[in-house]
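See structure below.
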Amino acid sequence: QLQLVESGGGLVQPGGSLRLSCAASGFSLDYYAIGWFRQAPGKEREGVSCISSSGDLTRYADSVKGRFTISRDNAKKTVYLQMNSLKLEDTAVYYCAAKTNPIISTWYMAARYAYWGQGTQVTVSS
């Protein structure tokens, strides 16, 4: 099976930056698209970004477009989420997830992902 572990979360001021990492073990990461989701207290889990298995296609939620960048290094079995110009509303637990379904139009649907990490807390506060 595929195992995912997120890291890199923490406390930052508005306008600051963080880089989250999603490290995989078990199966090769080459066959999976990887998505980043986040969930704030009292809110539903929402899709933040997604990257195809080869890294040639990416998707972003409107709320983070232009501020966040997703990338991957399959040789290192790691996917990254660079988060710049952070806002208070970015505060949430961030999860990475993996799926094999290649349909890009459903990238934001959590139910399409088979494997999930445990999450890492991102807090944006002054």
Side-chain angles (χ1 to χ4, degrees):
Q1 61 178 331
L2 183 68
Q3 298 169 340
L4 304 173
V5 178
E6 303 95 334
S7 63
L11 175 64
V12 297
Q13 295 183 343
S17 298
L18 284 174
R19 189 177 76 158
L20 305 184
S21 297
C22 175
S25 62
F27 295 156
S28 173
L29 202 61
D30 296 0
Y31 307 105
Y32 300 93
I34 302 296
W36 284 97
F37 291 77
R38 66 186 182 186
Q39 188 166 27
K43 296 186 177 181
E44 296 183 355
R45 187 170 299 184
E46 64 174 346
V48 176
S49 185
C50 182
I51 187 167
S52 62
S53 59
S54 63
D56 58 327
L57 295 175
T58 59
R59 295 289 186 271
Y60 298 93
D62 289 341
S63 59
V64 307
K65 192 172 297 183
R67 299 188 298 119
F68 292 8
T69 302
I70 191 170
S71 62
R72 66 189 297 160
D73 186 337
N74 286 350
K76 296 182 179 179
K77 293 186 175 182
T78 304
V79 176
Y80 306 96
L81 185 68
Q82 180 66 46
M83 309 165 66
N84 298 327
S85 302
L86 285 163
K87 304 176 180 180
L88 296 179
E89 50 264 43
D90 294 320
T91 296
V93 176
Y94 284 71
Y95 302 87
C96 65
K99 71 168 185 173
T100 56
N101 193 321
I103 300 176
I104 196 67
S105 61
T106 62
W107 71 268
Y108 56 90
M109 297 181 177
R112 301 293 186 178
Y113 294 78
Y115 301 96
W116 291 82
Q118 82 292 342
T120 185
Q121 177 71 48
V122 172
T123 302
V124 184
S125 177
S126 60

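Keep in mind that the numbers below use all heavy atoms, side chains included, and drop hydrogens, waters and symmetry copies. In this text the structure is predicted, and so the values were computed from the model without any measurement. Starting from 1, each residue takes its place in the sequence as its number.
Proximity of a side-chain donor or acceptor of Ser53 to a complementary backbone N or O of Tyr31 within less than 3.5 Å is not detected. Between the Ser49 side chain and the Arg59 main chain, a donor and an acceptor come within less than 3.5 Å of each other. Checking side-chain atoms of Glu6 against main-chain N and O of Gly119 turns up a donor-acceptor pair under 3.5 Å. No side-chain donor-acceptor contact under 3.5 Å links Ser63 to the backbone of Ala61.
For Arg38 and Tyr94, the side-chain atoms include at least one donor-acceptor pair closer than 3.5 Å. At a cut-off of 3.5 Å, with distance as the only test, a side-chain donor of Gln3 or Ser25 sits close to an acceptor on the other residue.
Annotation: side chain of Trp36 is in contact with side chain of Val79 (closest heavy-atom distance under 4.5 Å). In this structure, the side chains of Gln121 and Thr91 come closer than 4.5 Å at one or more pairs of heavy atoms. Counting heavy atoms from C-beta outward, Ser17 and Gln82 have side chains that approach closer than 4.5 Å. The closest side-chain heavy-atom distance from Phe68 to Leu81 is below 4.5 Å. In this structure the side chain of Met83 reaches within 4.5 angstrom of the side chain of Val122, judged on heavy atoms. Leu20 has its side chain within reach of Thr120: a pair of non-hydrogen atoms, C-beta onward, lies under 4.5 Å apart. Side-chain contact between Lys99 and Thr106: present, with at least one pair of heavy atoms (C-beta onward) separated by less than 4.5 Å. Between Ile34 and Leu29 there is a side-chain heavy-atom pair separated by less than 4.5 Å.
The minimum heavy-atom distance linking Ala92 with Ala40 is given by the pair CB-N, 3.9 Å. Shown here for Thr78 and Ser21, the closest heavy-atom pair between the two residues is CG2-CB, 4.2 Å. Summarising the geometry of Leu18 relative to Leu86, their closest heavy-atom pair is N-CD1, 4.0 Å, with the distance given to 0.1 Å. Nearest heavy-atom pair across Pro14 and Leu88 is CG-CD2, 3.9 Å. Of all non-hydrogen atoms in Leu2 and Ala24, the two that sit nearest each other are CD1-CB, 3.9 Å. Ser52 approaches Asp56 most closely through the heavy-atom pair OG-OD1, 2.7 Å.
Residues meeting the disulfide bond (SG atoms under 2.5 Å apart) test with Cys22, sequence neighbours left out: Cys96. Applying the ring pair (Phe, Tyr, Trp, His ring centres under 6.0 Å) rule to Phe37 yields the partners Tyr113, Trp116; only residues at least two apart in sequence or on another chain are considered. Applying the side chain to side chain donor-acceptor pair (under 3.5 Å) rule to Thr100 yields no partners; only residues at least two apart in sequence or on another chain are considered. Residues satisfying the side-chain contact (heavy atoms from CB on, under 4.5 Å) test with Lys65, not counting sequence neighbours, are Tyr60, Asp62. Taking Arg45 as the reference, Gln39 meet the side chain to side chain donor-acceptor pair (under 3.5 Å) condition, with sequence neighbours excluded.
Ile70 and Leu4 end up in the same hydrophobic cluster when Ile, Leu, Val, Met, Phe, Trp and Tyr side chains are linked at under 4.5 Å. Both Val124 and Val64 are members of a single hydrophobic cluster when ILVMFWY side chains are connected at heavy-atom separations under 4.5 Å. Following chains of ILVMFWY side-chain contacts shorter than 4.5 Å, one cannot reach Met109 starting from Val48, and the two form parts of different hydrophobic clusters.
When the shell of 6.0 Å around CD of Glu89 is examined, it contains more than 12 heavy atoms from other residues, nucleotides or ligands. A 6.0 Å sphere centred on OH of Tyr115 holds more than 12 heavy atoms belonging to other residues, nucleotides or ligands.
Residue pairs meeting the salt bridge (Lys or Arg N to Asp or Glu O under 4.0 Å) criterion with at least one member in residues 66-75, sequence neighbours excluded: Arg67-Asp90.
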